[in-house]
Amino acid sequence: AKQNGHGHFQFYVASIDQEIRDRKQLEKDLTQALGNHQFHLVYQPQINLETKRVIGAEALIRWEHPTRGLVPPDYFIPVAEANGTIVEIGQWVLEQACWQAARWAAEGTQLRIAVNLSAVQLRQPTIVHDILNTLKRHNIHAGHLELEVTETSFMTNLSDAVEKLHLLNQAGISIAVDDFGTGYSSLTYLKQMPVQHLKIDKQFIRDLLVNEEDTRIANTIIDLGKSLNLSVVAEGVETAEQEYYLSQRGCKLAQGYYFSRPLPSREFETFVKGFHQN
Ligand code: C2E
Ligand code: CA
Ligand code: CA
Ligand code: CA
């Protein structure tokens with residue numbers, strides 16, 4: 001048994017070692033990815049369920065790694081947050097999204113772009129200035145930018161987060177709480193936070209109408225939004241039944257594969273034109 005145990009132990013160490021080397025390599029690749037132009041953004045339409053119009057898009061980052069192929073953001077964003085590269089990557093995302101919003105505005109398409117803002121970015125002392133400066137340089141109306149923050153952003157330093165979000169909000173940028181209900185949700189936070197939107201996480205939408213608890217959670221978030229006067233966005237809507245239920249229940253905005261997957265900018269533009277004709 002001991003011999004087996006020893007062999008097992010060695011195998012275990014080797015695999016952890018491999019994992020550490022893998023992650024080190026990924027970190028190294030990540031620091032070079034920006035300079036090597038390996039990132040691009042895709043845009044997922046956000047639909048107003050009442051008017052059946054595309055009101056905007058969420059910008060989502062994609063990393064085309066030279067050997068690994070497409071690396072999912074759920075995998076590399078936490079690494080970028082841990083080693084700080086998210087600050088530079090996040091600024092690039094913002095630049096790119098603002099550039100895109102300016103182009104759409106110039107073409108007469110008034111769309112709001114939602115950008116994910118990492119808690120690490122929000123902690124940067126210059127973040128408010130950086131964001132407002134980026135808007136200004138691209139000549140974007142502040143109302144055309146939305147920032148999606150998660151509840152983690154409020155946890156380390158609540159008053160700092162409140163102050164910064166207030167400044168951004170006063171400038172006209174809207175704030176959405178992303179993945180609402182999955183993190184450290186607190187009504188106290190919500191009361192203090194200058195936020196306008198709650199995003200119901202896709203984990204509650206996936207089994208909507210199948211799982212009773214998920215249905216109740218979604219209902220609760222929609223009702224909370226109503227009573228606090230916040231508009232609710234459902235994410236991960238994949239079926240007509242989910243869309244119908246949500247719109248009947250009073251959820252105004254939605255995004256998900258049912259409408260469209262996140263798309264490259266050209267395809268997004270085509271989608272918007274086609275959708276408006278329906
Ligand atoms: P998120 O902000 O909650 O984004 C929603 C995710 O759900 C996206 O995954 C989107 O592609 C996916 N999705 C949309 N509709 C559906 C649907 O109907 N069904 C299912 N199953 N999934 C759907 P994605 O693009 O892989 O991004 C994953 C996460 O990575 C994001 O979650 C966000 O936390 C992070 N992320 C992505 N781009 C950025 C970025 O530019 N900056 C930061 N800080 N984080 C980002
Ligand atoms: Ca998001
Ligand atoms: Ca989510
Ligand atoms: Ca997320």
Side-chain angles (χ1 to χ4, degrees), residues 30 33-34 38-47 54 56-65 69-101 112-124 127 130-131 134 145-153 174-183 185 195 197-208 214 217-218 221 232-243 246 253-265 267-268 271:
L30 205 47
L34 257 186
Q38 290 164 3
F39 292 122
H40 69 273
L41 294 185
V42 286
Y43 300 90
Q44 187 173 40
Q46 295 187 326
I47 314 294
V54 181
E58 177 178 4
L60 294 155
I61 196 168
R62 293 292 177 263
W63 180 15
E64 189 70 58
H65 188 281
L70 214 55
V71 184
D74 274 332
Y75 187 67
F76 75 81
I77 293 287
V79 178
E81 286 176 328
N83 74 7
T85 46
I86 189 65
V87 174
E88 233 187 307
I89 295 171
Q91 180 57 36
W92 178 86
V93 169
L94 195 67
E95 291 286 348
Q96 196 67 23
C98 286
W99 178 84
Q100 189 59 69
R112 186 184 70 201
I113 293 196
V115 171
N116 292 284
L117 189 73
S118 158
V120 177
Q121 285 177 274
L122 191 62
R123 278 206 296 271
Q124 300 303 305
I127 190 67
D130 294 345
I131 293 170
T134 308
L145 181 68
E146 175 152 294
L147 296 171
E148 298 193 359
V149 299
T150 58
E151 290 151 307
T152 354
S153 299
S174 60
I175 313 288
V177 183
D178 206 355
D179 301 348
F180 188 75
T182 65
S185 310
V195 302
H197 304 279
L198 297 180
K199 288 191 87 172
I200 310 177
D201 193 69
K202 60 177 181 289
Q203 80 173 72
F204 305 119
I205 303 297
R206 191 184 50 218
D207 295 326
L208 190 72
D214 288 340
I217 290 171
I221 298 175
V232 175
V233 189
E235 138 193 306
V237 176
E238 293 189 359
T239 68
E241 289 74 25
Q242 292 167 350
E243 189 246 13
L246 289 163
L253 304 169
Q255 65 183 95
Y257 297 166
Y258 174 64
F259 306 103
S260 170
R261 288 185 177 261
L263 301 168
S265 57
E267 290 170 44
F268 176 83
F271 175 86

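One-based numbering, in listed order, for ligands and for the atoms of each. In what follows, residues are counted from 1 in the order of the sequence shown.
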Tell me, which N, O or S atom in Glu148 is closest to the Ca ion (ligand 2)?
-> OE1
Name of whichever N/O/S atom of Glu58 is nearest to the Ca ion (ligand 2) = OE2
Winner among [options] once heavy atoms are compared against [atom]:
| atom | options | value |
| --- | --- | --- |
| atom 12 (C) of ligand 1 | Lys202, Arg62, Glu148 | Lys202 |
| atom 5 (C) of ligand 1 | Glu235, Glu238, Lys199, Arg261 | Glu235 |
| atom 39 (C) of ligand 1 | Val237, Ile61, Leu70, Thr239 | Ile61 |

Of all the atoms in ligand 1, which lie at a distance below 4.0 Å from a heavy atom belonging to Asp179?
-> 3 (O)
Contact atoms of ligand 1, heavy-atom distance to Asp178 under 4.0 Å | 2 (O), 3 (O)
Counterpart residues, side chain to side chain donor-acceptor pair (under 3.5 Å), relative to Gln91 (two or more places apart) = Glu95, Thr134
Part of Glu58 within contact of ligand 1 (heavy atoms, under 4.0 Å) | side chain
Please work out whether any backbone atom (N, CA, C, O) or any side-chain heavy atom from C-beta onward of Asn116 is under 4.0 Å from ligand 1, and answer side chain, backbone, both or neither.
-> both
The Ca ion (ligand 3) reached by Asp178 (N, O or S, under 3.0 Å) | no
Would you call the rings of Phe39 and Trp92 parallel, tilted or perpendicular if under 30° counts as parallel and over 60° as perpendicular?
-> tilted
Partner set under salt bridge (Lys or Arg N to Asp or Glu O under 4.0 Å) for Glu148, not counting sequence neighbours = Lys199
Pro72: heavy atom below 4.0 Å from ligand 1, yes or no?
-> no
Once rounded to 10 degrees, what value does the angle at the Ca ion (ligand 3) take between OE1 (Glu235) and OD1 (Asp179)?
-> 110°
If you look at Asp201, which of its N/O/S atoms is nearest to the Ca ion (ligand 3)?
-> OD1
Kindly confirm or rule out an N or O of Gln121 lying under 3.5 angstrom from an N or O of ligand 1.
-> no
More than 12 non-hydrogen atoms from neighbouring residues, nucleotides or ligands closer than 6.0 Å to CD on Glu88, yes or no?
-> no
